[in-house]
Amino acid sequence: MGLIVQKFGGSSVADADRIRNVARIITETYRRGHKVVAVLSAQGDTTDDLIAKAAEINPNASRREMDMLLSTGEQISCSLCAMAIEAMGYPVISLTGWQAGFRTNSAYGDARIKRVDVERVLTELDKNTIVIVTGFQGINKYDDITTLGRGGSDTSAVALAAVLQADLCQIFTDVDGVYTADPRHVTGARMLEEITYDEMLELATLGAQVLHNRSVEMAKRYGVNLEVLSSFSGKPGTKVKEVAKTMEKLHVSGVACDKNVARLAVVGLPDEPGIAFKIFSLMAKENVNVDIILQSIGRHNTKDISFTVGKQDMERAKQALEARKEALGFDHVDVNDAIAKVSIVGAGMIHNPGVAAKMFEALYNAAINIHMIATSEIKISVLVDLSEADRAAQVIHDRFFHEVGVQ
Ligand code: ADP
Ligand code: ASP
Ligand code: MG
């Protein structure tokens, strides 16, 4: 007997039957003697639909009003699920983010959780009530509603699990667990029995949306026992933990693909000290997150600096640079958002140069051109054309995982 936090994603609560299915999973856990806190996402594509609705009214709506709107999706699924559990005869209460004590900073649309005041949740659990909490949302110091960024319900669940010191945090989704690549786009992707926090964090950060990357960071920091599993199949899922059994051998744990990438190239910069500093401090001032950076060799006293950003930041970054054209002394800015980043993740990569060669060979054999490369201790990323992204992920995956147990 213990305390279990269960999170259900959008497709798991998409319609009435699926809500009843979730209610069954929650009540079965409760019947086994556990205290249960369930965190729910909005139904199906609700959040996308709300974004589209806002765009019809005002494409430049303030971020505060966007959060006011987006937070409603989770409120619908939670109240409906509580009603389903009521109908089954169990004690249940649904709570919004603020009722459940989620206090965040004021970065509307991408708010960070500062703390969770769980008194109300604990009071309800003490009464033996099942608690359903809206994912993805909290309130800031002005008591205004904030949201945590797309996919943020995972982080709500892990935060509650951390503060409540839950025995387990289960992330129920529409696939059986974490795979070696997105099973919807790469054939032959294999489910992992377990994965380390660090590898999962890299995969999530590099585009594997199965977990919100901040949820993995938090799970690692607070030692939350995390399991990713299907709300449909009833099978055991993937355990995310500090040390995985397979840790000792050299291995590539997965392939990730991020299609939310844009590349800016600042062409014809003067080849002198301080240029990189000026460009990237400008990006920092504009709150633009920069990822892969490439600087060309200086030639005829000029050089180019290219870098990648999230698609949503491309225009803002371009405008900020163009406004400083004179001061920075460049020729022009070239942008391209028809690109994607494909990465492999695994422990100990830096000590095995053969891994990079194998990845590049797979791309070469498929005649896929690489635009940029970035490496770290546990990942190698390449930038390719968006139209080649799925094929690149597939051939790289084939190369590393073509036979069970062989990498
Ligand atoms: P939810 O609505 O439950 O939060 P998401 O759509 O956010 O679900 O995440 C689940 C999806 O993540 C899967 O349907 C799958 O297409 C995608 N995905 C990407 N990479 C992976 C991976 N390595 N393992 C499993 N799923 C992945
Ligand atoms: N409903 C939100 C989204 O679609 C949060 C989530 O599903 O985790 O991004
Ligand atoms: Mg998700």
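Atoms within a ligand are numbered from 1 in the order they appear, just like the ligands themselves.
- Taking every non-hydrogen atom of Ala208 and a distance limit under 4.0 Å, the qualifying atoms of ligand 1 come out as 19 (C), 20 (N).
- Listed by number with element, the atoms of ligand 2 under 4.0 Å from a non-hydrogen atom of Ser153 are 5 (C), 6 (C), 8 (O).
- Residue contacts with ligand 1, taken as heavy atom pairs separated by less than 4.0 Å, do not involve Arg190 at all.
- Of the protein's non-hydrogen atoms, the one nearest atom 2 (O) of ligand 1 is Gly10 N, 3.1 Å.
- Considering each of Arg184, Met191, His212, Gln209, the one bringing a non-hydrogen atom nearest atom 9 (O) of ligand 1 is Gln209.
- Using the six-membered ring where Trp is involved, Phe8 and Phe172 have ring planes that are parallel, under 30° apart on the 30 and 60° scheme.
- Looking from atom 27 (C) of ligand 1 to the surrounding protein, the closest heavy atom is Val210 CB, 3.7 Å.
- When the heavy-atom distances from atom 17 (C) of ligand 1 to Asp174, Asp182, Val186 are ranked, the shortest goes to Asp182.
- Contacts of Asp176 classified as salt bridge (Lys or Arg N to Asp or Glu O under 4.0 Å), with partners at least two apart in sequence or in another chain: Lys235.
- At a heavy-atom cutoff of 4.0 Å, ligand 1 is contacted by the side chain of Val175 but not by its backbone.
- In terms of polar-atom proximity, defined here as any N/O pair under 3.5 Å, Asp154 makes no such contact with ligand 1.
- In terms of polar-atom proximity, Val178 is not counted as a contact of ligand 1, lacking any N or O under 3.5 Å from an N or O of the ligand.
- Contact annotation: His212 has no heavy atom less than 4.0 Å from any atom of ligand 2.
- Looking at atom 3 (C) of ligand 2, its nearest protein heavy atom turns out to be Arg150 NE, 3.3 Å.
- Ligand 1 lies less than 4.0 angstrom from a heavy atom belonging to Lys7.
- Salt bridge annotation for Arg150-Asp110: absent, with no cationic side-chain nitrogen under 4.0 angstrom from a carboxylate oxygen.
- A heavy-atom separation below 4.0 Å is not found between Ser12 and ligand 1.
- Defined by atom type and a distance below 3.5 Å, a donor-acceptor pair is missing between the side-chain atoms of Thr96 and Thr134.
- Within the 4.0 Å heavy-atom cutoff, Ala189 does not count among the residues contacting ligand 1.
- Tested against Asp117 for a salt bridge (Lys or Arg N to Asp or Glu O under 4.0 Å), the candidates Arg120, Arg115, Lys114 yield a single pass: Arg115.
- At a 4.0 Å heavy-atom cut-off, ligand 1 touches Ala181 through the backbone alone.
- For ligand 2, the atoms lying closer than 4.0 Å to a non-hydrogen atom of Gly151 are 3 (C), 5 (C), 6 (C), 8 (O), 9 (O).
- For ligand 2, the atoms sitting less than 4.0 Å from at least one non-hydrogen atom of Ser41 are 6 (C), 7 (O), 8 (O), numbered in the order shown with element in parentheses.
- Nearest protein neighbour of atom 23 (N) of ligand 1, counting heavy atoms only, is Tyr179 O, 3.0 Å.
- A salt bridge is absent between Arg221 and Glu217; no separation between the charged side-chain nitrogens and carboxylate oxygens falls under 4.0 Å.
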